[in-house]
Amino acid sequence: MGGSVKEEKMYELLNENFNKVERQHEINGYFYDFKIGDLLIEVDGYYWHKVIEDTNDETKRRLAKQNGYDLYRVEENENRNINYSKELAQIKSIL
């Protein structure tokens with residue numbers, strides 16, 4: 001199952017560093033980009049999550065919490081870039 005280029009890059013990095021990376025984990029009809037143990041990870045594009053403000057974000061945050069998961073958001077900056085090293089370090093510190 002494919003995603004954006006940035007989502008694919010994140011998937012590669014997660015697979016290199018963690019075991020059992022699940023893609024498209026579903027809770028009540030909402031899909032999360034990745035699941036590693038009790039951590040759900042979303043890769044958020046700048047436009048959809050900062051300019052338009054995706055209305056699903058709060059619902060997904062609430063559902064994750066209600067189901068015993070932490071939710072981490074990997075966010076593009078305004079230049080549409082992601083600091084993958086920084087994000088991977090953050091995820092490692094959470095896990």
Side-chain angles (χ1 to χ4, degrees):
M1 188 177 294
S4 70
V5 171
K6 290 180 175 80
E7 187 178 321
E8 292 299 320
K9 169 94 173 156
M10 195 75 231
Y11 182 60
E12 288 175 20
L13 290 170
L14 292 173
N15 267 322
E16 289 170 7
N17 289 275
F18 302 101
N19 294 322
K20 298 183 181 179
V21 178
E22 180 185 331
R23 293 192 80 168
Q24 298 299 308
H25 182 74
E26 187 260 336
I27 300 175
N28 294 352
Y30 288 86
F31 291 86
Y32 297 81
D33 295 327
F34 309 110
K35 176 184 168 291
I36 304 171
D38 290 336
L39 180 65
L40 299 172
I41 302 168
E42 287 278 88
V43 178
D44 292 345
Y46 183 80
Y47 181 76
W48 287 105
H49 296 273
K50 296 296 184 197
V51 176
I52 292 182
E53 294 188 36
D54 189 338
T55 57
N56 287 330
D57 286 354
E58 179 54 29
T59 301
K60 289 176 99 172
R61 185 202 63 75
R62 183 178 41 77
L63 281 172
K65 186 176 182 178
Q66 287 174 348
N67 286 276
Y69 294 101
D70 288 320
L71 176 61
Y72 182 77
R73 293 189 173 278
V74 173
E75 297 182 350
E76 263 185 350
N77 65 24
E78 61 275 0
N79 296 319
R80 303 206 60 200
N81 295 315
I82 294 173
N83 181 335
Y84 292 101
S85 297
K86 178 184 147 228
E87 297 296 347
L88 192 57
Q90 284 291 106
I91 292 166
K92 284 181 178 180
S93 74
I94 293 168
L95 292 171

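Residues: numbered from 1 along the sequence shown.
No donor-acceptor pair under 3.5 Å is formed between the side chain of E87 and the backbone N or O of A89.
The CG atom of L71 sits 7.5 Å away from atom CG of L39, with the distance rounded to the nearest 0.5 Å. One distance of note links CG of N56 with CZ of R62; it measures 10.5 Å at 0.5 Å rounding. Considering OH of Y30 and CD of E42, their distance stands at 12.0 Å, rounded to 0.5 Å. Considering CD of E8 and CZ of R23, their distance stands at 4.0 Å, rounded to 0.5 Å. Going from atom CG of L95 over to atom CD1 of I36 covers 5.5 Å, rounded to the nearest 0.5 Å. Here N17 contributes atom CG and L88 contributes atom CG; the two are 4.5 Å apart, rounded to the nearest 0.5 Å.
Summarising the geometry of D33 relative to E7, their closest heavy-atom pair is OD1-OE1, 3.5 Å, with the distance given to 0.1 Å. Closest non-hydrogen pair, D57 versus R73, comes out as O-NH2, 3.3 Å.
Counting heavy atoms of neighbouring residues, nucleotides and ligands inside a 6.0 Å radius, atom CG of N19 does not exceed 12 of them.
Between L14 and the choices M10, E16, E12, the side-chain contact (heavy atoms from CB on, under 4.5 Å) rule is met once, by M10. When each of Y69, F34, F31 is checked for a ring pair (Phe, Tyr, Trp, His ring centres under 6.0 Å) with H25, only Y69 meets the rule.
Under the 4.5 Å side-chain heavy-atom criterion for ILVMFWY residues, a single connected hydrophobic cluster contains both L63 and L40. One hydrophobic cluster holds both I41 and Y11 under the rule that ILVMFWY side chains link at heavy-atom gaps under 4.5 Å.
Taking the ring centre of Y84 as origin, the terminal cationic atom of K9 falls inside the region bounded by 6.0 Å and 45° from the ring axis.
Partners of Y32 under the side-chain hydrogen bond (donor to acceptor under 3.5 Å, both in side chains) rule, at least two apart in sequence or in another chain, do not exist in this structure.
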